[in-house]
Amino acid sequence: MSKYEAEIKRRRTFAIISHPDAGKTTLTEKFLLYGGAIAQAGQVKGKKNTRAATSDWMEIEKQRGISVTSSVMQFQYEGFCINILDTPGHQDFSEDTYRTLMAADSAVMVIDGAKGVEAQTRKLFKVCAMRDIPIFTFINKMDREARDPFELCEELEHELGIDTYAMNWPIGCGREFMGVYDRQNRKVIHFTSNTNARAATATQIEPDDPALADLIGAGKRDQLVDEIELLDGASCDFDLDRVRHGKLSPVFFGSALTNFGVEPFLEEFLRMTTAPLARRAGDEVVDAFDDDFSAFVFKIQANMNKAHRDRIAFMRVVSGKFEADKEVYHVQEGKKIRLSRPQQLMAAEREIIEEAYAGDIIGVFDPGIFSIGDTLCAPGKKFAFDPIPTFAPEHFERIRSVDTMKRKQFLKGVEQIAQEGAIQIFKTPYSGMEEVIVGVVGTLQFDVLEYRLRSEYNVELYKEGLPFEYLRWIVREDEEAPPLKEEDLLLPGDAKLVEDYKGNQLLLFASQWSIQWVTERNKGLKLAEFGGAKF
Ligand code: G4P
């Protein structure tokens, strides 16, 4: 195997998803700790301080802080080169999360053992499931009172629609959490608490060893033997192929805070998950091991450093090797470019890099040329990766600049922020540019927009809430057909025809009922829930 192949093969790029507070940060920190990327827990985010943030204002700063400093972290562990993609937990930032997930090859889903599947888990899971990427479940906080493990597995299957396979089985919970039974090796791993050390101290013992009763008590031993029997009889077979296609989720029980089962989880996960996956570009499939470099942009973050007005485009390397001094072809602009100041994030630090391989995430300085979903490839190649889907916003406002003299800054700011993908902007057909309709997935994005327009573009906003809650893209089957006008459609009073800035036409609705009304009365009108593309 060449060095080039070996480098790609050892890469693992995954996202950690969870409902807020399930323990994503704690687990991430433990991973980084094992990899030697940080020296002590608590370095990923200044959690104590940010926790004190109560106002929306601080919340915005916090969220931006989080997505900037820890959007992706690379570290080494036992020969693997690991890229962890962080996904902001706050539900108003789910759009950002969705895009980040597009750059991942697998996901680790952290579940709170006392709470089970929560709202945000469901949403994020859905996105991972659409791409059929492997999903590994870590049921956390077993050192606290937790729900029955059978019930938790059943809930995962029932609520998320994925089969599960318990890789290990907890022995007790809360203060009585004594360890786990490793099903593959048929061994009990008995833990002794060790909060600060690299790993919990574990003793391995066979389940039929008489000494087990001394270790965990006869009652717990009997219960374990019964549960294993039940588990072996009831659960489906372990099938790595189904895991790799996102059909079967391996489940691990543990406790991130006290290190119970974290390292075995990381090791098993790295062994089972895939090396960088191929990506679709129309009819082509671009394999990670292809000789030529290719990448796609999945995140743009402007003004990370306000003093420099910089804008960073984050891209996932899909194939080949990136070399800092080589020209690449930017497909959407039709131009050859050199990517300037390529960098990677290591825990909280940024580092300029000379090379990167398929699976890696790099950030490059963006002079305003990139959009989310753009493709970069070797000069001479001309494919474009399937676009990243846009999710339908659920909240809408009409906005304009209070000061009409600032129209230009207003538009520039709104357009730039829209290019980052945090908001979507629309206009009514044939209207001027004084006012813009803004759609967001979470209302906090309105505050972010207002705050950023004021602080970065010096524009005060006039805002007016709109009653719409649903948006549908009008599917145009005939590309040549002229755009629709309102009078071409039968619309109720609470629906509105708008256009985005790429010329797509859309309808805004105040209710589900109204969508149904329009679909029934406008024969031939096709509406789509996601803009952009297939997954
Ligand atoms: P998140 O990123 O998913 O939002 O969760 P985070 O890791 O920040 O964890 C949320 C809270 O749960 C934290 O407590 C954290 O210490 C705690 N926690 C995480 N894993 C475990 C675990 O395995 N067992 C127990 N008992 N607690 C766990 P906090 O008090 O809110 O924050 P902090 O003051 O400890 O930072």
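Read the numbers this way: they start at 1 and go in the same order the structure lists the ligands and their atoms.
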### Distance-only donor-acceptor check, side chains Arg10 and Gln76, under 3.5 Å
yes
### Nitrogen or oxygen atoms of Gly23 and ligand 1 under 3.5 Å apart
yes
### Task
Please could you name the atoms of ligand 1 that Asp21 approaches to less than 4.0 Å, counting only its heavy atoms?
1 (P), 3 (O), 4 (O), 5 (O), 10 (C), 12 (O)
### Query
Where's the contact between Asn140 and ligand 1, heavy-atom distance under 4.0 Å: side chain, backbone, both or neither?
side chain
#### Entry: Atom indices of ligand 1, in the order listed, that fall short of 4.0 Å to a heavy atom of Ser18
3 (O)
### Query
Is it the side chain, the backbone, both or neither of Lys141 that has a heavy atom closer than 4.0 Å to ligand 1?
both
### Query
Can you find an N/O atom of Leu27 closer than 3.5 Å to an N/O atom of ligand 1?
no
### Message
Whether Glu159 and Arg122 form a salt bridge (side-chain N of Lys/Arg under 4.0 Å from carboxylate O of Asp/Glu) is what I want to check.
### Response
yes
#### Entry: Test: Arg99 cationic atom under 6.0 Å from Phe314 six-membered ring centre, within 45° of axis
no
### Query
Short list, please: which atoms of ligand 1 are under 4.0 Å from a heavy atom of Ser255?
22 (C), 23 (O), 24 (N)
### Task
Could you tell me whether Arg12 and Asp105 have a side-chain N and a carboxylate O separated by less than 4.0 Å?
no
### Task
Output yes when Arg147 and Glu155 qualify as a salt bridge under the 4.0 Å nitrogen-oxygen rule, no when they do not.
yes
## Note on the structure
So the atoms of ligand 1 within less than 4.0 Å of a heavy atom of Lys24 turn out to be 1 (P), 2 (O), 3 (O), 5 (O), 7 (O)
### Message
Out of all atoms in ligand 1, which are within 4.0 Å of some heavy atom of Pro20? Include the element for each.
### Response
4 (O)
### Message
Applying a heavy-atom cut-off of 4.0 Å, say which part of Asp143 lies close to ligand 1: side chain, backbone, both or neither.
### Response
side chain
### Message
Tell me whether Glu420 is salt-bridged to Arg311, with the criterion being a basic N under 4.0 Å from an acidic carboxylate O.
### Response
no
### Task
Say whether, by atom type as modelled, one donor and one acceptor occur between the side chain of Arg221 and the main chain of Asp214 under 3.5 angstrom.
no
